[in-house]
Every structure is written in structure tokens, then in C-alpha cells.
There are 2 protein chains.
Amino acid sequence: MDHHKTKVNPLFLREEELRQSIELLFFAYRDFTSEPDAILAELGFGRAHHRAIYFVGRNPGLAVNQLLDILKITKQSLSRVLGQLLREGFIVQATDARDRRRRLLRLTAKGEELERLLTEKQLHRVARACREAGAEATEGFRTVLRGMINVGDRHWVPLDADSAAM
Amino acid sequence: MDHHKTKVNPLFLREEELRQSIELLFFAYRDFTSEPDAILAELGFGRAHHRAIYFVGRNPGLAVNQLLDILKITKQSLSRVLGQLLREGFIVQATDARDRRRRLLRLTAKGEELERLLTEKQLHRVARACREAGAEATEGFRTVLRGMINVGDRHWVPLDADSAAM
DNA sequence: CCACATATGTCAACAAGGCTGACTTATTTT
DNA sequence: AAAATAAGTCAGCCTTGTTGACATATGTGG
């Protein structure tokens with residue numbers, strides 16, 4: 001619609017290409033979250049519940065502080081969501097034997113069931129996109145995404161494909 | 001932390017790899033939005049303001065309906081944000097000569113300045129990640145992201161690097 | 001021309017999920 | 001014994017999404 005100056009910048013990619021990447025991220029993330037969001041809405045939950053359930057499911061025995069570090073929200077924000085999930089029996093907590101101040105979180109069977117229901121859609125979306133793009137593209141996809149994460153938080157997602165997230 | 005069954009599934013990638021991709025998306029998007037969010041908070045704005053400014057800047061002369069189609073929110077949600085941006089002089093609207101019901105949106109100089117300030121951080125983050133990962137990885141990154149977008153909305157982000165978003 | 005559809009805007013009420021600040025209770029560390 | 005840490009709670013605020021109802025201007029098809 002308007003003319004772009006095709007700036008030859010010192011960024012290796014032209015600004016036009018970088019902006020397209022920004023837009024791809026926006027649209028992809030928007031659609032990536034839309035399916036679980038719709039299911040959550042029916043259950044009276046929101047996206048924050050999915051995030052809590054997801055990361056507890058992936059890291060059984062996670063402490064509250066660690067979950068806060070992953071989500072980068074305040075404990076007051078988390079407590080609303082986590083409190084609901086505990087009261088409604090999706091998550092249970094147990095006192096850590098080695099440090100009795102800590103509460104270690106785990107999914108119940110009910111929690112695992114909901115986690116699967118929600119994450120399934122996202123797994124299929126990512127799987128389809130990766131399959132269609134090919135193995136090499138998938139590798140690049142993961143490498144660039146990883147490079148976008150603040151260095152201090154990259155340890156949450158391992159480089160090699162065989163280690164778990166914790 | 002727990003053992004994963006290394007399911008040989010019909011999805012071309014194992015579930016472990018797919019889950020890692022989901023986590024990469026979460027962390028990357030979380031950090032991708034954090035810098036503009038901090039600036040916006042100081043100005044009394046939120047992420048929704050950035051999105052409106054961004055897409056109007058990228059598509060000068062965009063109609064309100066088109067912006068709604070991009071953002072996939074209700075017009076009532078948009079009107080709050082857009083109203084502020086209009087009143088505070090970041091965006092102007094002009095009646096479309098060919099269809100006088102339509103209001104075509106454009107950034108003012110002030111709006112362009114804010115847009116650049118906000119998007120700059122994201123451009124640098126993406127540029128760095130792409131540069132470090134290499135040209136081939138970047139290509140794959142873009143291809144997979146594109147494949148994650150609902151087909152009906154892929155037209156907003158062109159395939160070839162030289163066409164604009166509209 | 002009239003009826004209908006479309007584009008935009010507005011008012012009101014509600015909910016999710018962020019935030020800050022203040023304060024408590026256990027427990028561990030120093 | 002004091003300080004730091006982990007967790008939890010209460011209260012209030014903001015942004016940004018939602019629904020529903022309605023108003024106005026303009027375009028379109030019969």
C-alpha cells in the first residue's frame with residue numbers, strides 16, 4: 001500500500017523481512033492460543049490456568065517459586081489461579097521433605113486429563129506446521145525461537161531433543 | 001524429571017519435541033512483548049495500543065473493519081484503545097471517498113515516533129536471533145510460523161520478502 | 001424509492017488476569 | 001537470636017477482553 005525504502009541495514013535482514021517476522025509471530029501466537037482459550041472459557045477458566053497446568057504437568061514436583069519464575073507474574077496473580085486449581089482438584093501440593101517451606105506441585109488425574117485436552121490442539125497445530133515445512137525448517141524454527149528468549153531463561157528449554165524441560 | 005515414553009507417533013515429531021516447541025513459543029513470546037510493555041506502562045498505555053499502532057503504521061489507510069479482522073477482537077474493545085489514540089493525536093482518520101461509511105486510519109508523526117520506539121526493541125530481538133541462527137534457520141522459522149496461522153489469515157503476511165503486508 | 005445490509009460509534013456492565021502494597025506464618029540460614 | 005526465604009492472604013487498581021442494546025450514516029439490490 002505504501003512504498004518501502006528497502007533499507008540496507010546492519011541487521012543482516014532488511015527491516016521489511018523483520019517486520020514480517022514480527023507479524024508472523026503475532027498471528028501464529030494468536031491462533032495458537034485460540035483453541036485452548038475456547039475450551040477454557042466453557043469451563044470458567046482462562047489462559048492463565050492453562051499455563052499453570054501445563055508447566056506443572058511438564059515439571060512434576062515444581063515449587064511455587066519456580067512456577068513464578070517461569071510465568072514471570074506476581075505471586076498474587078498466580079495465587080488466584082493456583083488456588084482455584086487446588087480447590088477444584090486439578091493440582092495437589094505436598095510439603096517438600098528437604099525444605100519444609102516449599103510446596104511441590106503435581107497434577108491429579110483430573111488435572112492431567114484437562115492438560116491433555118487443552119494442549120492437544122496446540123500439539124496438532126505445531127505438528128502440522130512442522131510436518132508441512134520439513135525437518136530442516138523445523139530445526140531452524142526452534143533455533144530462532146530459542147535465540148529470542150532472554151539468556152537467563154533458556155535453561156527451561158533444553159537444546160537437545162532428548163532431555164526433559166527439568 | 002519424569003520419564004517420557006518416546007512415543008512413536010504419526011506426527012513426524014515425537015511429543016517431547018513438540019512440547020519443547022510449545023514452550024519455546026511461550027518463552028519467546030513472553031520476552032518478545034516484555035520490552036514494549038514496559039515502555040507502554042510508563043505512558044499509561046497497554047499492549048493493545050501497540051498492536052493498533054503497529055498495524056495502522058504497516059497498513060496506512062487501513063479501515064476499522066480490517067483492523068478488527070487482524071486483531072480478532074470486538075469493535076467495543078478496539079474502540080476504547082483507538083479512541084484514546086485518536087484523542088491523543090497518535091492516529092488520524094479520514095472518510096473514504098469511495099465508501100463514505102469507512103474511516104481510513106493513518107499514523108501522525110507523533111504516532112510514527114511512538115511506533116518506532118516500541119517496535120525497535122522487537123526488531124532488534126528478532127534480528128539478533130535470526131543473525132545468530134543463520135539464513136537457513138531464519139527461513140525455516142518463518143515457514144513454520146506461517147504454517148501455524150489459520151489459512152484464512154495468511155494473506156496478511158506475504159510469502160515473498162518484497163511485498164508489503166497489504 | 002424503499003428495504004436491507006454494512007461501517008462505525010457509543011453506553012453499560014461484567015470477567016480475567018495482570019499490578020502494587022501491606023502483612024502473616026513457617027521454616028531455614030547465618 | 002536475627003535475618004532471609006517460601007508461601008499465602010486481603011484489598012484495591014488497571015487493561016483488555018466479553019455481551020447486549022442501540023444510534024447514525026451510507027451503500028446496494030429489488
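Note on naming: letters A, B, ... go to the chains in the order of the sequence lines (proteins, then strands), and numbering restarts at 1 for each one. Note that the coordinates shown come from a computational prediction; the quantities given were computed from them, not determined experimentally.
- As rounded to whole Å, 14 Å separates atom C1' of C:dT10 from atom CG of B:Leu86.
- No option in A:Leu159, A:Val157, A:Val126 other than A:Val157 meets the side-chain contact (heavy atoms from CB on, under 4.5 Å) test with B:Gln20.
- A donor-acceptor contact under 3.5 Å is formed by the side chain of B:Gln76 with the base of D:dG20.
- The separation between B:Leu67 atom CG and C:dA7 atom P is 14 Å, rounded to whole Å.
- Within the structure, every side-chain polar atom (N or O) of A:Arg103 is placed at least 4.0 Å from both OP1 and OP2 of D:dA7.
- The pair B:Arg146-A:Glu23 fails the salt-bridge criterion, with no side-chain N (NZ, NE, NH1 or NH2) lying under 4.0 Å from an Asp/Glu carboxylate O.
- Atom CD1 of B:Ile91 is separated from atom P of C:dG9 by 11 Å (rounded to the nearest Å).
- Side-chain N/O atoms of A:Ser79 include none lying less than 4.0 angstrom from OP1 or OP2 on D:dT9.
- Judged by distance alone, the side chain of A:Arg51 and the main-chain N or O of A:Ile70 form no donor-acceptor pair under 3.5 Å.
- Across the protein-nucleic acid pair, A:Asp99 atom CG and C:dT28 atom C1' stand 6 Å apart, rounded to whole Å.
- Ranked by how close their nearest DNA chain C nucleotide is to the 5' end, B:Val64 and A:Asp96 are led by B:Val64.
- If you measure from atom CG of B:Leu40 to atom P of C:dG18, you get 17 Å, rounded to the nearest angstrom.
- Protein atom CZ of A:Arg98 is 19 Å distant from nucleotide atom C1' of C:dA26, rounded to whole Å.
- Whole-Å rounding puts the A:Asp69 CG to D:dT5 P distance at 15 Å.
- In terms of position along DNA chain C, the nucleotide closest to A:Lys72 lies nearer the 5' end than the nucleotide closest to the other residue of the pair A:Lys72 and A:Lys75.
- Not a single donor-acceptor pair under 3.5 Å links the side chain of B:Thr119 to the backbone N or O of B:Arg116.
- Residue B:Gln93 places at least one side-chain N or O closer than 4.0 Å to OP1 or OP2 of C:dG9.
- Residues A:Leu68 and A:Leu104 are members of separate hydrophobic clusters, defined by side-chain heavy-atom contacts under 4.5 angstrom among Ile, Leu, Val, Met, Phe, Trp and Tyr.
- Residue B:Ala41 is out of contact with every strand shown, counting any heavy-atom pair closer than 4.0 Å.
- Residues B:Phe26 and A:Tyr54 keep their aromatic ring centres 6.0 Å or farther apart.
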Between the protein and nucleotides 15-17 of chain C, list the N/O to N/O atom pairs that are separated by less than 3.5 angstrom.
residue: C:dG17; atom: OP1; partner: A:Arg47; partner atom: N; Å: 2.6
residue: C:dG17; atom: OP1; partner: A:Ala48; partner atom: N; Å: 3.1
residue: C:dG17; atom: OP2; partner: A:His49; partner atom: ND1; Å: 3.3

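- The main-chain N or O of A:Ala133 is never found under 3.5 Å from a side-chain atom of B:Thr143 such that the two would form a donor-acceptor pair.
- At a cut-off of 3.5 angstrom, the base of C:dT6 holds at least one donor-acceptor pair with the side chain of B:Arg101.
- Summarising the geometry, the separation between CD on B:Glu42 and P on C:dC19 is reported as 16 Å, rounded to the nearest angstrom.
- Contact check, A:Asn65 against D:dT5: no side-chain N or O comes under 4.0 Å of OP1 or OP2.
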